[in-house]
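What follows is a set of notes on a single structure, which appears directly below.
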Amino acid sequence: MPEPQSVSASCATGHENLPGQGLLTPADPAPFEICGAGGTARALLTCDHASRAFPEALGRLGLAEAATWRHIAWDIGAAALSRALAGRLDAPLVLAGYSRLVVDCNRRLEDPSCFVTLADGDRVPGNEGLSESGRRARATACYEPYHKAIATQLQAFHHAGIVPALIAVHSFTPVMGGKARPWHVGVLWDKDGRIARPLLERLRSEAGIVVGDNEPYSGRHPSDYTVDRHAESAGLPHVCLEVRQDLLETPAGVARWTDILGRHLSVILADETLYRVYGTR
Ligand SMILES: [Zn+2]
C-alpha cells in the first residue's frame with residue numbers, strides 16, 4: 001500500500017496563509033506543495049489528485065479509512081511519479097494537498113463533479129446536500145490556493161521572459177465501471193499538439209506499451225480543467241499525462257515510468273521552438 005505523501009527538504013508547502021480559516025486549522029495539511037522551484041526546465045508540472053488527505057473538520061466525508069486509499073480519493077502513484085519526473089526534468093511541481101473528494105481541483109467549481117456524491121459507485125455521504133457555503137469554504141481553503149500557486153509559478157516564468165510549458169500528471173484506475181482499460185499510458189490534448197503529438201509518436205515506438213490518444217479521458221472534455229485554465233487559455237504548450245495505477249504500485253514501477261516519460265519529454269522540451277504562445281512565431 002502506498003505511503004502517505006511526505007514533504008521533502010526541497011519542497012515548500014502553502015501553509016503560511018490559511019485563507020479558509022473556517023475549514024482548515026494549522027493541524028491540517030497545506031492546500032498545496034511546491035517542489036523543485038528554481039529548476040532549470042522551462043516547464044511546470046502539476047498534480048491535481050496527489051493527495052488522499054481530508055480537512056479534519058470534514059471527518060473523511062463519512063467514508064471508512066480504507067475507502068480513502070482507493071482511486072476514488074486520489075490518483076494512486078501520481079504524487080510519486082510527478083515528484084520523480086520533476087526531479088528528472090529539473091522542473092518545478094505543484095501538488096494539490098487534498099483529496100479530489102473534498103473538491104476536485106481538475107474541475108470547474110460550477111461542475112457538479114467538482115463535489116461528487118457518487119464515486120465509481122460508492123456514496124460520499126459528506127458531499128450529499130452540500131450547501132453553497134460548504135462548497136465555498138472548500139474552494140477557498142483547498143482549491144483556490146492550489147490554482148493560485150500554479151498561476152504564481154507560471155507568472156515567475158513570464159517575468160523571466162519565458163513562455164513555459166505545463167505538464168499535468170495523473171493516474172487512472174485499471175478498471176472503471178466494470179470495464180478494463182487496456183492502455184498503459186494516456187496522452188490527453190485538444191488543439192495544441194506541440195507536446196502531445198511527438199510524445200505519442202515516441203511512446204508508440206516503445207515495445208510493449210499500449211498508448212492511449214485522448215484515452216482513457218479526453219483533453220477535449222471540460223474535465224481537463226487545470227490545463228484549460230492555466231495553459232490552453234494562455235496558449236502555453238501543454239500536455240496531460242495519465243499512467244495506469246497498477247504500473248505505479250512499486251518504487252520500481254514509478255522509476256520505470258519516470259524513465260520512459262522523462263526520456264521522451266526531455267527531448268521534446270529541448271526544442272527551442274516550443275516556448276512560444278500557440279499560433280505565434
Ligand atoms: Zn487525476
Side-chain angles (χ1 to χ4, degrees), residues 1-8 11-35 46-83 93-150 168-173 223 225-226 245 248:
M1 198 163 264
E3 289 296 314
Q5 66 179 65
S6 59
V7 178
S8 73
C11 301
T13 57
H15 220 160
E16 308 79 22
N17 44 18
L18 290 166
Q21 282 179 351
L23 183 59
L24 299 187
T25 73
D28 280 315
F32 64 87
E33 183 189 345
I34 299 172
C35 294
T46 59
C47 194
D48 297 328
H49 301 142
S51 174
R52 48 176 287 282
F54 293 79
E56 206 184 337
L58 298 184
R60 291 196 308 252
L61 302 174
L63 293 167
E65 205 220 335
T68 71
W69 287 98
R70 296 183 49 225
H71 72 90
I72 58 171
W74 62 330
D75 279 2
I76 296 166
L81 176 65
S82 63
R83 287 175 200 277
L93 159 70
V94 184
L95 305 107
Y98 285 95
S99 169
R100 70 197 313 160
L101 297 177
V102 175
V103 54
D104 192 331
C105 287
N106 200 28
R107 297 287 185 279
R108 298 177 66 84
L109 281 171
E110 304 75 39
D111 187 328
S113 66
C114 200
F115 304 92
V116 292
T117 51
L118 263 185
D120 199 14
D122 283 11
R123 271 185 61 210
V124 185
N127 285 350
E128 292 172 354
L130 183 62
S131 68
E132 184 52 38
S133 66
R135 286 168 190 255
R136 209 173 314 120
R138 294 188 200 179
T140 306
C142 308
Y143 179 101
E144 289 303 349
Y146 170 68
H147 282 292
K148 199 174 159 210
I150 294 171
V169 180
H170 291 263
S171 70
F172 63 96
T173 184
S223 66
Y225 176 67
T226 295
Q245 288 165 3
L248 301 175

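Excluded from the calculations below are hydrogen atoms, water molecules and symmetry mates; all remaining heavy atoms, backbone and side chain alike, are included.
When all heavy atoms of Asp28 and Tyr98 are compared, the closest pair comes out as CB-OH, 3.2 Å. Closest approach of Glu33 to Cys11, counting heavy atoms only: OE2-CB, 3.2 Å. Nearest heavy-atom pair across Ala139 and Pro145 is O-CD, 3.9 Å. Among all heavy-atom pairs drawn from Leu23 and Ala141, the shortest one is CD2-CB, 3.9 Å. Gly97 and Ser51 make their closest contact through O-OG, 2.8 Å (heavy atoms, listed as atom of the first residue, atom of the second, distance). Heavy atoms only, all atoms of each residue included: Ala119 and Ile72 are closest at O-CG2, 3.4 Å.
At least one side-chain heavy atom of Leu95 sits less than 4.5 Å from a side-chain heavy atom of Cys35. Using a 4.5 Å heavy-atom threshold, the side chains of Arg123 and Leu118 count as touching. Side-chain contact between Arg138 and Asn127 is present, with heavy atoms from C-beta onward closer than 4.5 Å. When side chains are defined from C-beta on, His147 counts as touching Thr226, because their heavy atoms get closer than 4.5 Å. At a threshold of 4.5 Å between non-hydrogen side-chain atoms, the residues Arg100 and Val116 do not count as touching. At least one side-chain heavy atom of Thr46 sits less than 4.5 Å from a side-chain heavy atom of Tyr146.
Proximity of a side-chain donor or acceptor of Ser99 to a complementary backbone N or O of Leu101 within less than 3.5 Å is detected. Asn106 places no side-chain N or O within 3.5 Å of a backbone atom of His49 that could act as its donor or acceptor partner.
Under the 30°/60° scheme for interplanar angles, the aromatic rings of Tyr225 and Tyr143 are found to lie parallel.
The structure places CZ of Arg70 at 4.5 Å from CG of Asp122, a figure rounded to the nearest 0.5 Å. Remark: Phe32 CZ to Leu93 CG distance equals 12.0 Å, nearest 0.5 Å.
The SG atoms of Cys105 and Cys142 sit 2.5 Å or more apart.
Residues satisfying the side-chain hydrogen bond (donor to acceptor under 3.5 Å, both in side chains) criterion with Ser171, sequence neighbours excluded, are Gln245. Among residues two or more places apart in sequence or in another chain, the side-chain contact (heavy atoms from CB on, under 4.5 Å) test is passed with Arg135 by Phe115, Leu130, Glu132.
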Inset, instruction - Would you check, one step at a time, whether the test side chain to side chain contact (heavy atoms under 4.5 Å, CB included) holds for Thr173 with Ile76? - result: CA-CA 8 Å; Thr173 184; Ile76 296 166; over 6 Å; no

Side-chain polar contacts of residues 55-65 - donor-acceptor pairs under 3.5 angstrom, sequence neighbours left out - could you list them?
from: Arg60; atom 1: NE; to: Leu63; atom 2: O; distance (Å): 3.2
from: Glu65; atom 1: OE2; to: Arg52; atom 2: NH2; distance (Å): 3.4
from: Glu65; atom 1: OE2; to: Trp69; atom 2: NE1; distance (Å): 3.1

